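One structure below.
Nothing here was measured: the structure is a model prediction, and the numbers come from that model. So you know, we letter chains A, B, ... as the sequences are listed, proteins then strands, and number each from 1.
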2 protein chains.
Amino acid sequence: MIELSDTNASAIAERFKALGEPMRLLLLEALRRGECSVGELAERTGGGQANVSKHLQVLLQQGYVDRRKEGTTSWYRITDPQVFRMCELVCGGLEQELDRKRKLLRRRK
Amino acid sequence: MIELSDTNASAIAERFKALGEPMRLLLLEALRRGECSVGELAERTGGGQANVSKHLQVLLQQGYVDRRKEGTTSWYRITDPQVFRMCELVCGGLEQELDRKRKLLRRRK
DNA sequence: TTCTTATATTACTAGGTAGTTGTACTTACT
DNA sequence: AGTAAGTACAACTACCTAGTAATATAAGAA
């Protein structure tokens, strides 16, 4: 069992860092519907082809997505749906955080 | 309910990015035992005082930790233990990823 | 007041990274 | 062969950030 210790904090941080980029989150969300090509992903997210391709390499490297080549097109898909569970957790935390900040603002009035 | 859409992908990414740094993960792990001062955290993590303080500001800003001042010392503590659930998820994913890469290496031999 | 302690902040440097442009590569089609 | 489509990669720029050193701030002790 991997734990959050000195030795592997870097590897764990790398996985979090891969999710710490808006474009990569949008790519994962777009892939949620199912397998998708690079061109389609660029269209759905509004990003440039080269940039989308580069972000997909990061997600591939960290094992969040998998790739299947067919002719000239690359088909990407989510490998571990747990990533959306993580998004839900961080969304929940974000909601609490927004509530907390709203209360602080109200108290200042 | 907050969702992973175009409008709030940035806010969600910010929260992931805060966890995408080894030193900050070590700080959270050190805080797991309970409330702790900056000096103690610097000692436990082996980081410099200024650096630890700066990282704590990031965790504070994102709501992962809370602060209580007493005299000249600041006491930090975890606000939402859910953050460790996220670490477990990412550790699980990391384990799978390592297994996958090990298998790839074996296949090449 | 002066000194000490604990923390926060500022300024700086080195390294990293997102986005873009251009290009190379691969496959399929004619 | 040549051409077109889809993707990956290299080079570049602009920006961001981790770490450090020095300083500022604040509370207490002498």
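Using a 4.0 Å heavy-atom cutoff across all strands shown, A:Ser53 reaches at least one base atom of the nucleic acid.
Among the nucleotides C:dA18, D:dG19, C:dT17, the one closest to the side chain of A:Asn51 is C:dA18. Counting only heavy atoms from C-beta on, B:Ala50 has its side chain closest to D:dA22 among D:dA22, D:dG6, C:dT20. Of the candidates C:dA18, D:dT7, C:dA8, the closest approach to any side-chain atom of B:Lys69 belongs to C:dA8. When distances are taken from the side chain of B:Arg67 to each of C:dT5, D:dA8, C:dA8, the shortest belongs to C:dA8. Listed candidates were C:dG19, D:dA18, C:dT7. Nearest to the side chain of B:Ser74 is C:dT7. Nearest nucleotide to the A:Arg24 side chain, out of C:dT5, C:dA18, C:dT7: C:dA18.
With hydrogens and angles ignored, the 3.5 Å screen pairs no side-chain donor or acceptor of B:Gln96 with any backbone N or O of B:Gly92. Using a distance-only test at 3.5 Å, with no hydrogens or angles considered, a donor-acceptor pair links the side chain of A:Tyr64 to the main chain of A:Arg15.
When the C1' atom of C:dT7 is taken as reference, atom CD of B:Glu70 falls 14 Å away, rounded to whole Å. As rounded to whole Å, 14 Å separates atom P of D:dT7 from atom CG of A:Leu60. Distance A:Lys54 NZ to D:dA11 P: 13 Å, rounded to the nearest Å. As rounded to whole Å, 8 Å separates atom P of C:dT20 from atom CE of A:Met23. The separation between A:Gln61 atom CD and C:dG16 atom P is 15 Å, rounded to whole Å. Nucleotide C:dA18 holds its P atom 13 Å from the CG atom of A:Leu19, rounded to whole Å. Straight-line distance from the NZ atom of B:Lys17 to the P atom of C:dG16: 17 Å, rounded to whole Å. Atom CG in B:Leu25 sits roughly 12 Å away from atom P in D:dA18 (whole-Å rounding).
Using a 4.5 Å heavy-atom threshold, the side chains of B:Asp99 and B:Arg102 count as touching.
Under 4.0 angstrom from either OP1 or OP2 of D:dA8 there lies at least one side-chain N or O belonging to A:Tyr76. Contact annotation: A:His55 reaches the phosphate of C:dG19 (side-chain N/O to OP1 or OP2, under 4.0 Å).
In terms of position on DNA chain C, the residue among B:Thr73 and A:Gly47 whose nearest nucleotide sits closer to the 5' end is B:Thr73.
Side chain B:Gln49 to base C:dA8: a donor-acceptor pair is found below 3.5 Å. For A:Gln57 against D:dA8, a side-chain-to-base donor-acceptor contact under 3.5 Å is absent.
Within the model, atoms CZ of A:Arg68 and CD of A:Glu35 stand 4.0 Å from one another, a figure rounded to the nearest 0.5 Å.
A search for salt bridge (Lys or Arg N to Asp or Glu O under 4.0 Å) contacts involving A:Glu29 returns A:Arg32, not counting sequence neighbours.
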